[in-house]
Amino acid sequence: MDDRIVFLDVDGVLNTPDSKSRCGGCIGIDNDKLKLLKEIVEVTGAELVLTSTWKTNWERLPERKHLQDIHADYLDKKFKSVGLIVADKTANCRDGVWFSRGESILAYNEKHKPISFVILDDKSFDFDGCGLTDNFIKLDEKVGLTNERVEQAIKILKKR
């Protein structure tokens, strides 16, 4: 695989506690943050892979989209509105063993072998313990994705 991957959290990355956008009764996704994410994708050709809890009812295959909940439909519509698509999501478990967030990224990379990847998240989870620190950009949940973090992500993704 010659792909570059953005492992994407949503809350605290594409929205903040002050976000005005809504999905049902929950905080939605901010258009300005989506445009910043689009810049990463356009410059690097990266694919978006969900690590967020927003992935729970999101379906990759078109024939399974009817199984999505309102949050997953909303996510697809918001991304499409700026010309983005989510390519995939990380698995929660394999062979009955549950993954931590870091382990799910390691398993994804083991299977798909991207040439480079970046993790955008507002929480550190077990990224250090999984050896993912060099590819992790920790975002401030009160600010979300910024121009500075976009530049950092592009730099990481352009490494081979």
Side-chain angles (χ1 to χ4, degrees), residues 1-42 44-114 116-127 130 132 135-139 141 144-145 149-150 153 156-157:
M1 173 185 252
D2 284 343
D3 293 329
R4 291 173 166 85
I5 304 290
V6 175
F7 289 104
L8 183 64
D9 182 33
V10 173
D11 295 323
V13 176
L14 299 179
N15 62 30
T16 68
D18 296 328
S19 293
K20 303 293 183 234
S21 57
R22 292 284 178 261
C23 174
C26 301
I27 295 174
I29 296 170
D30 295 339
N31 289 334
D32 62 328
K33 305 298 182 198
L34 272 179
K35 289 175 184 169
L36 290 171
L37 180 63
K38 183 175 181 172
E39 182 179 342
I40 296 169
V41 171
E42 285 180 339
T44 65
E47 292 187 342
L48 302 173
V49 176
L50 290 175
T51 58
S52 173
T53 55
W54 282 67
K55 73 180 184 178
T56 303
N57 292 304
W58 180 86
E59 294 289 339
R60 181 178 57 84
L61 300 173
E63 62 269 18
R64 296 185 52 86
K65 288 289 184 185
H66 70 280
L67 299 172
Q68 293 187 158
D69 66 5
I70 63 166
H71 297 98
D73 286 342
Y74 169 84
L75 183 135
D76 280 341
K77 286 176 188 166
K78 286 293 280 192
F79 277 59
K80 186 177 181 179
S81 74
V82 296
L84 291 173
I85 60 164
V86 175
D88 208 349
K89 63 182 178 180
T90 56
N92 289 327
C93 65
R94 180 173 56 200
D95 300 328
V97 177
W98 286 92
F99 291 136
S100 64
R101 192 162 292 192
E103 291 168 338
S104 72
I105 291 169
L106 290 175
Y108 193 94
N109 284 346
E110 180 183 309
K111 180 177 180 181
H112 297 278
K113 306 201 182 329
S116 64
F117 68 94
V118 69
I119 303 163
L120 300 178
D121 209 311
D122 64 319
K123 294 183 177 42
S124 300
F125 292 97
D126 59 334
F127 299 144
C130 289
L132 297 169
N135 298 80
F136 170 51
I137 298 176
K138 187 174 191 314
L139 300 165
E141 70 177 7
L145 191 58
R149 296 305 192 200
V150 166
I156 290 170
L157 287 166

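- With sequence neighbours excluded, the residues satisfying side-chain contact (heavy atoms from CB on, under 4.5 Å) with K65 are W58, Q68, D76.
- Note that the CD1 atom of I70 and the SG atom of C23 stand 5.0 Å from one another [nearest 0.5 Å].
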* To do: Decide side chain to side chain contact (heavy atoms under 4.5 Å, CB included) for Y74 and W54; before the verdict, give the C-alpha distance in whole Å, the side-chain angles of both, and the deciding distance to 0.1 Å.
  => CA-CA 10 Å; Y74 169 84; W54 282 67; 3.7 Å; yes
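- What you find for D30 and N15 is that their closest heavy atoms are OD2-CA, 3.8 Å.
- Counting heavy atoms from C-beta outward, I156 and I137 have side chains that approach closer than 4.5 Å.
- To the nearest 0.5 Å, the span separating CD1 on I85 from NZ on K80 amounts to 10.5 Å.
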inquiry  = Working note: N92 + W98, criterion side chain to side chain contact (heavy atoms under 4.5 Å, CB included); need CA distance, chi angles, decisive distance, verdict.
reply    = CA-CA 6 Å; N92 289 327; W98 286 92; 3.4 Å; yes
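- Within the model, atoms CD1 of I29 and OG of S19 stand 9.5 Å from one another, a figure rounded to the nearest 0.5 Å.
- By the 4.5 Å heavy-atom criterion applied to side chains, L37 and L8 are counted as neighbours.
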Between F117 and Y108, is the ring-ring contact (aromatic ring centres under 6.0 Å, His included) condition met? List the steps. CA-CA 11 Å; F117 68 94; Y108 193 94; 9.8 Å; no
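- Between L106 and C130, the shortest heavy-atom contact is CD1-CB, 3.6 Å.
- Side-chain contact between F136 and S124: present, with at least one pair of heavy atoms (C-beta onward) separated by less than 4.5 Å.
- The two residues N109 and P114 come nearest to each other via the heavy atoms OD1-CG, 3.2 Å.
- Side-chain atoms of D9 and T51 include no donor-acceptor pair closer than 3.5 Å.
- The heavy-atom pair separating L14 from L34 by the smallest distance is CD1-CD2, 4.2 Å.
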Check your understanding: side chain to side chain contact (heavy atoms under 4.5 Å, CB included) between I40 and L120: does it pass, once the steps are laid out?
Key -> CA-CA 11 Å; I40 296 169; L120 300 178; 4.1 Å; yes
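- If you check the side chains of K55 and T90, you find a donor sitting under 3.5 Å from an acceptor.
- Pairing each heavy atom of G144 with each of L139, the nearest pair is O-CD2, 4.1 Å.
- Taking 4.5 Å as the limit, some side-chain heavy atom of R101 sits within range of a side-chain heavy atom of T53.
- Residues passing the ring-ring contact (aromatic ring centres under 6.0 Å, His included) test with F79, sequence neighbours excluded: none.
- Here NZ of K78 is found 13.0 Å from NZ of K33. Values are rounded to the nearest 0.5 Å.
- With contacts defined as side-chain heavy-atom distances shorter than 4.5 Å, the pair D122/D11 does not qualify.
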Review point. When you look at L50 and V10, which way does the side chain to side chain contact (heavy atoms under 4.5 Å, CB included) test go after all the steps?
Key: CA-CA 8 Å; L50 290 175; V10 173; 4.3 Å; yes
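- To the nearest 0.5 Å, the span separating CD1 on I27 from OG1 on T16 amounts to 7.0 Å.
- Atoms OG1 and NE2, from T56 and H71 in turn, are 10.5 Å apart once rounded to the nearest 0.5 Å.
- Taking all atoms of both residues into account, the shortest heavy-atom contact from K123 to F127 is O-CE1, 3.5 Å.
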